[in-house]
There are 2 protein chains.
Amino acid sequence: MVSSDQGGEHTGGEIPAVVGGLRMTKQRRAVYQILLDDRDHPTATDVFRRVEKTMPSTSLATVYNCLEALVEHGLVNQVNFDREPSRFCSNLKEHVHFHDESTGVIHDISFKKGAKLEDLLSLPKGTTVKDLELTLRGVLPKKK
Amino acid sequence: MVSSDQGGEHTGGEIPAVVGGLRMTKQRRAVYQILLDDRDHPTATDVFRRVEKTMPSTSLATVYNCLEALVEHGLVNQVNFDREPSRFCSNLKEHVHFHDESTGVIHDISFKKGAKLEDLLSLPKGTTVKDLELTLRGVLPKKK
DNA sequence: AGCCCTAATTAGAACTATTCTAAATTGGGA
DNA sequence: TCCCAATTTAGAATAGTTCTAATTAGGGCT
C-alpha cells in the first residue's frame, strides 16, 4: 500500500510523500523527522545542526522554510517564550508549556479533561477563542 | 507631605521621586506616565514616539533602559506575543491578554475569582509556578 | 525516457528588535 | 560648589529571522 495520507498529521513509521496536504521533500522530511523524534523543543538553529549531520548541504534558510511550511500545514507547532528564539514541537495535542528554571527543560503539560478556559477567565459571552498560548515558568518537584 | 513611596506600585496623581525602590528620573517618569495613561500596550518604539513629543532629546536606548528598569522593579509588565515586538503595560493585576484579530486591540482579561490554574492543568504535585503568561487570539463579540 | 515548468532550495544580503559600548551629562550628597 | 556614581545618549553591534535572486529538483506530461 503506497499510502498518500488524506490530510491530518502523521503518526508513526515512514513519513509518506504528502502529509496534511504538504508534499514532503527530502529536506522537509528530514526536518519533520527530527521534530517527531526529538521532543526537546529545538530552535531552528538546533534543527539545522541536526539536519546538517545527515544532509550537510542543507541551508539554514531551508530549515526556516521547512519549519514554516510544517507550521502552516499544522504538522508542527511554533512555540515562543518571551524574547527567546522560537521553538518547534510536533506534539499536536492541545497542551501548554512549563519551563523548568532549574533544568532549563521545557515540559508539555496537558489540560485536565473537561477543563474549560471559560471556567478560569471572565470572557465576554460571544467571544471566539481561535488560539491560545500558555507558558508557565517555575520549578518541578525533584524526582526521587 | 513630600511622599517617598515605600515600595509597591504607584496608583494615581503625580509620580513621586521614588517608586517601588526605583528613583524617578525625568525620562523614567515620562515613560512610566505614558504607560499609566495609555493602556493600549505600546511597544518600545510606540513609547519612544510618545515620549519624543514632550522630550525630543530622549533616545530610543533610554526608552529601552527605562522600560527595563520599570520592569525589573515590578512597576510595569513586559508582554510578548509570539515574534512581535514586546509590549508594555502598567496593569499589575494578574491578567491575561486577548488579542482581537478583527480590531488588533489587545484586551486585558482577568481571572475569575477563586479560579485556580491547577483546576485546569495536570501539574505534578509539588510544582512551583513562579510566573505564567497566557495569550488568547480570537474575536470579541461586536458591541451593539 | 526526455522536456517543461513550477516549486523548493540555496547563499548571502537585508531587516528588525534589542542590547552593548563608550563618551557626555545629570543630579544628589558631602 | 564639587565630586562621583548613575543615567542618558548616539551609534555600533548582535541575534534571530526574512527576503532576494539565482540555481536545482522533481512531478506530470508526451
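Values below: every heavy atom of this structure, side chains too, minus hydrogens, waters and symmetry copies. Note that the structure is predicted; figures quoted are calculated from it, not measured. Here is how names work: the chains are called A, B, and so on, in the same order as the sequence lines, proteins then strands, and each is numbered from 1.
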Any side-chain N or O of A:Tyr64 less than 4.0 Å from the OP1 or OP2 oxygen of D:dT18? no
A:Arg28 CZ to A:Lys26 NZ distance, which is reported to the nearest 0.5 Å: 13.0 Å
As a test of reading the structure: which of C:dT9, D:dT9, D:dT8 is closest to the side chain of B:Ala61, going by heavy atoms? D:dT9
Under 4.0 Å between a side-chain N/O of A:Arg23 and OP1 or OP2 of C:dA7, yes or no? no
Is there a side-chain polar atom (N or O) of A:Ser86 under 4.0 Å from OP1 or OP2 of D:dG16? no
Can you list the residues that meet the side-chain hydrogen bond (donor to acceptor under 3.5 Å, both in side chains) rule with B:Arg83, with sequence neighbours excluded? A:Asn80, A:Ser86
Once you round it to whole Å, what is the distance between P of D:dA15 and CG of A:Asp46? 15 Å
Calculate the interatomic distance between B:Glu72 atom CD and C:dT19 atom C1'; express it in whole Å. 13 Å
Which whole-number value in Å describes the distance from A:Glu84 CD to C:dT18 P? 14 Å
Separation of A:Asn80 atom CG from C:dT18 atom C1', in whole Å? 16 Å
Does a side-chain N or O from B:Arg83 land closer than 4.0 Å to OP1 or OP2 of D:dG16, or not? no
Got a donor-acceptor contact below 3.5 angstrom from the A:Arg29 side chain to the A:Ile15 backbone? yes
Is any side-chain N or O of A:Thr25 closer than 4.0 Å to OP1 or OP2 of C:dT9? yes
Starting at atom CZ of B:Phe48, determine the distance to atom C1' of C:dT18, rounded to an integer number of angstrom. 14 Å
Of the nucleotides D:dG16, C:dT18, C:dT10, which has the atom closest to the A:Thr58 side chain? C:dT10
What's the CG-P distance between B:Leu60 and D:dT9, to the nearest Å? 11 Å
Rounded distance in Å - CZ (A:Arg28) to C1' (D:dG27): 14 Å
Can you see if the side chain of B:Thr62 gets near the phosphate of D:dT9 - specifically, an N or O under 4.0 Å from OP1 or OP2? yes
Can you tell me how far P of D:dT7 sits from CZ of B:Arg29, to the nearest Å? 14 Å
Using a heavy-atom cut-off of 4.0 Å across all strands, would you classify A:Ser57 as base, sugar-phosphate, or nothing? sugar-phosphate
Any side-chain donor-acceptor pair under 3.5 Å between A:Asn65 and A:Thr62? no
Of all the choices, D:dT8, D:dG26, C:dT10, which nucleotide is nearest to the side chain of A:Lys26 once you look at every atom? D:dG26
May I ask you to list the residues sharing a hydrophobic cluster with A:Val79, side-chain cutoff 4.5 Å, ordered by chain and number? A:Phe81, A:Ile106
Looking at B:Gln27, I'd like to know whether one of its side-chain N or O atoms comes within less than 4.0 Å of OP1 or OP2 on D:dT9. yes
